Every structure is written in C-alpha cells, then in structure tokens.
Protein chains: 2
Amino acid sequence: MYSSQYWYLQNHSLFKHLNSNDLNEICLIAAYKTVRKGDIIFFSEENNGRVFTLKKGSLKIVRIDVEGNEIVKDILKVGDLFGSLDLLESNEDEYAIVLSDTATFCSFKAADFEKFIENKPEVAVKYTKWIGFWFKRLENRYSNIMFKDVKTRLLNFLKDIAKDHQTDPDGYVSLPNYLTHQDIASLICSTRQTVTSLLNSLKSEGIITYSRKEIKVKISVL
Amino acid sequence: MYSSQYWYLQNHSLFKHLNSNDLNEICLIAAYKTVRKGDIIFFSEENNGRVFTLKKGSLKIVRIDVEGNEIVKDILKVGDLFGSLDLLESNEDEYAIVLSDTATFCSFKAADFEKFIENKPEVAVKYTKWIGFWFKRLENRYSNIMFKDVKTRLLNFLKDIAKDHQTDPDGYVSLPNYLTHQDIASLICSTRQTVTSLLNSLKSEGIITYSRKEIKVKISVL
DNA sequence: TTGAGTTTGTCGGCTAAAAGACTATTTCCG
DNA sequence: CGGAAATAGTCTTTTAGCCGACAAACTCAA
C-alpha cells in the first residue's frame, strides 16, 4: 500500500528507480499543490530556489523583460521540471501561468535536493543528464529561431506540440489550444499579426484547420 | 610535491576542493594535450562523449548547419568546459578551432566522469550548478540576439570580451583580436558586411579603434 | 442580451539588415 | 620579393516581417 504522493514521485523519471525508503526521504522535503487555470506561480519570495515538477496539466513560463514586455519562454507538460533547475537562487522576473483547467505539481527546496543528491549519486547523474537534455533543447529552439524564417518556426512549433498526441484516422493531429496568437508569436519570436496571417495561409493551404479551442494539423506535412 | 597535471586540475573550480587522493583518481581518467593555432578538435569519433576543460589559450566552437554554413557558436577561454557537457554522445556537427598560438586542455570520457561522480556527490552538485550557469548564459546570449538590434549586439559582444581585460590609463580596453569580421558576424548573428560597416561607424564615433590584431574599446561607453 | 473586454483578421507603409557585386587591402608562404 | 588567398570596405538592391490602425468576431459576466 502506498500513498498517492509516492505514486506521483515514483512516476517521475527522475525518481523512478528509487525504493520506498528513498521516496520516504524525498517526500519529507517535497510539497504538493494543486492549482486552477489562470493561477500564477511566482518563483520569487517563498518559492525562490525551488525546483518544481509538473504532475498534471500544463503551464506556460513567462518572463518580464526590462521594457516590461511579457515573453512566453516555454510551454510545459506533465513530467517536466521547472523553477531553479540550476539549484541557484533568483529568477525574479519569471513566473508560471496555469493553462489547463487544473495543474498539480510538487516542489522542493534546491538546497534540500542538493543534500539529498549527495547521498544518492544515481539521482545526481540522472539530474545532470536531465539538465543536459534541456540545454540541448534550448540550443535547438534558439538556433531554430535564429536561422529559420517565421513560417518554418511556426511549423516546427506545431510539430513540437503534435509529437505527444495521437493521430486521428483522417491523418490529422488534434491539439487542444490553450494559446492565443499572441502567445504563439511570443514563443516563436514573431508578432501577433504575422502569426494570424500565417495560420490563415496554412489553413488555406489545407495544412491545418483551427478554432479557438483546437488546432488540427495534417501530420504528413510535419 | 605534485605533478603539473595535479596543478591543472586543482586550478579548475570544478575540482578545487578535491584532495590529492581524489585528484589521483580523476587523473587516471583524464588525458592532457597541447595543440597549436588553427588546430581542430573534433567531438566525433574518439572524442565523442568527452568533456574538455581548457587550461590555456582560447578557442572557438563551430557548428556546421544542414546547409553547410559554418556557425561560430562560442568563444571559450581558460577554465571553460566544452564538449559533451550533457554527458551524452553525439555533437557530430560541432568542432573547436584553436585561436591562440597554443592551447592546452584536458579531457575525460563522460562515462568515466559519471562513475567518478557517483562516489563524489559534491562534484555532481557543483557540476550541475556549472551547467546551470551556462544555461543562464545561453539564455542571455539568445535573448540579446532576439530582442536587440545588431549595433547593440555588437557592443554587448565587445563588452563581454572586455570584461576580463585590464583598462589602459587612457580609458581604453585593448583586446587581442583573433576573430575575423565573419566570425563576429556569426557570433552576433549578423552578416560580414554589416559588421564591417558598424565597426567603422563605431570607429568614426570614437568608441573604438581597431586593426586586424587588436580592438581597443572606450570603456566608458560599455 | 447586451455591451465591455479580449482575441482575431486584414491592409499598407516602413525599415533594419540581408544579399549581391565589386574593389581595396593585408597576410601568408614559397 | 611576388603573387595568390584571405580579409576588409563600400556601394546598391531587395525583402522579411514589424508596426500601427482599424474592423470583425468571439467570450463572458452582470
């Protein structure tokens, strides 16, 4: 018999191979929380230096730049880590907004995790690799932005979210759409107007169909 | 009494706090090498999955994109880590070119380092933080490229290399210049011609002077 | 159901900077 | 030294896509 908290942790690839004693230990430093759509998770104040793992739902990471613009940095889904991944403080100008109806996540203080890691070297190595993956992901995202035109970037963005979804028998992938054109623009580093007109030209090319709730993408094009 | 190899490792912040037994251990998995200007370090083949630390000199990291263009990804200096930082394989399309007259570096197999880490969790935590720093650095570099115009990016680039150099009494920082305009263009994501004319306009504004060997930057402007 | 707020659609002007073409200068090496 | 290769300088042309302005469509709460 195990508590649901155990299940959550065990289900996360970072902790999958830990036994129940280990889980017991990390549960002591982990805190769970469920929040609703539109809720904001700030990384400053009491959350500063915390690492979060998303258990359910999806959210977007937003940064406020020096001019006060909102920049959508990333869209996260179940299993992703966020927060102070580098085990360092700060991130004052960043926060997360819940996109799905509800989201559940657990979190622990980077400092506590650090202590935990020191006794669980397998976890340390796994964590290191995890960070390495994200590093590569960031590199790819950015080189995409710098060397591809907006249309390609938009298609790559669609491809990226489509890859974790089932293909319908008609050859389309149906993606629930939590994002405004403004959000998408921010993610692919473009403008609202450009995204709108590109989406419409993709629509008239028969590559996608979309409403405000859903985007369907012809999988063969990606 | 210690060998010069010990000194090298000990001098690197990642290994600074290890005692001589630990150093002995990691020396067994580390290999040293000195190379000359223009030499190329490939990350594929026998170097695949290796982590390097630069002991002396400077080098540039180059990537070949799908269209065959050389993209200068980074300029590294003493103390920097490069190679398979994520402890993973691949990086086939990347290599390093030595810029200084000579360069010395040591390297170890990611797999060996991993084993080492499992017995030295403090090193794992340090390594994770190290990667975290680079993560942030990458984020900053790219947000710079995406949200600033070319002139600002060029000035930021100069600021960045100026920050580890002494200021002359005349208020200028003298930077040895290993880079062509093409290299600089690639680093700040612009074109050769644009860099050339921007450098010349900065020169006529009295902000910099430069030859092919050296760039002098008025520190007050940065 | 109504009207305020938010998100989408469309257009044309505008500009930074890429791209191309050619020349001038410097470097390198036999 | 001399001549080829690499690098830098300066034009002009072209263009992707940003930006403002405004209208249409949708959403939601009172």
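Here is the naming used below: chain letters follow the sequence lines, and residue numbers restart at 1 for every chain. Below, each value reflects all heavy atoms present in this structure, side chains not excepted, and no hydrogens, waters or symmetry copies. Since we're looking at a predicted model, the values are computed, not measured.
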A:Ser107 versus A:Lys33, side-chain donor and acceptor atoms under 3.5 Å:
no
By ring pair (Phe, Tyr, Trp, His ring centres under 6.0 Å), which residues pair with B:Tyr142, not counting sequence neighbours?
A:Tyr142
Between OH of A:Tyr210 and P of C:dT7 the distance, given in whole Å, is 15 Å
Walk me through it: do B:Thr152 and B:Asp149 pass the test side-chain hydrogen bond (donor to acceptor under 3.5 Å, both in side chains)?
CA-CA 6 Å; B:Thr152 311; B:Asp149 65 9; 2.6 Å; yes
Report the end-to-end axis angle of the helix from C:dT1-D:dA30 to C:dG30-D:dC1; each axis comes from five terminal pairs, and the value is rounded to 10°.
40°
Ion pair B:Asp160/B:Arg141, N-O distance below 4.0 Å:
no
Sugar-phosphate only, base, or nothing, as touched by B:Thr180 at under 4.0 Å among non-hydrogen atoms:
sugar-phosphate
Under 4.0 Å protein heavy-atom contacts per nucleotide of nucleotides 12-24 of chain D, with B for base, S for backbone only and - for none
-----SSBBB---
Name the orientation class of the two ring planes belonging to A:Phe82 and A:Phe43 (parallel below 30°, tilted from 30 to 60°, perpendicular beyond 60°).
tilted
How many whole angstroms separate atom CG of A:Leu199 from atom C1' of C:dT7?
13 Å
Mapping B:Leu179 and A:Lys213 onto DNA chain D by nearest heavy atom, which one lands closer to the 5' end?
B:Leu179
Provide, to the nearest angstrom, the distance between the CG atom belonging to B:Leu154 and the P atom belonging to D:dA8.
13 Å
Between atom CD1 of A:Ile71 and atom CD of A:Glu94, what is the distance when rounded to the nearest 0.5 Å?
9.5 Å
Could you tell me the separation between the CD atom of B:Gln182 and the C1' atom of D:dA8, rounded to a whole number of Å?
12 Å
With a 4.0 Å cutoff (strictly under), does any side-chain N or O of A:Asn200 reach OP1 or OP2 of C:dT10?
yes
To the nearest angstrom, how far is B:Tyr178 atom OH from D:dT7 atom C1'?
19 Å
Figure out the NE2/C1' separation between A:His181 and C:dT10, and round it to whole Å.
13 Å
Take A:Asp80 and A:Arg137 through the test salt bridge (Lys or Arg N to Asp or Glu O under 4.0 Å) and record every step on the way to the result.
CA-CA 13 Å; A:Asp80 288 339; A:Arg137 183 165 171 272; 5.7 Å; no
Whole Å only: how far is the CG atom of A:Asp183 from the P atom of C:dT6?
14 Å
Passing option when A:Leu198 is tested against A:Lys203, A:Arg153, A:Lys151, A:His181 for side-chain contact (heavy atoms from CB on, under 4.5 Å)
A:Lys151
note: B:Ile188, atom CD1; C:dA17, atom C1'; distance rounded to Å ~ 11 Å
Exercise: do A:Ser197 and A:Asn200 side chains pair donor with acceptor under 3.5 Å
no
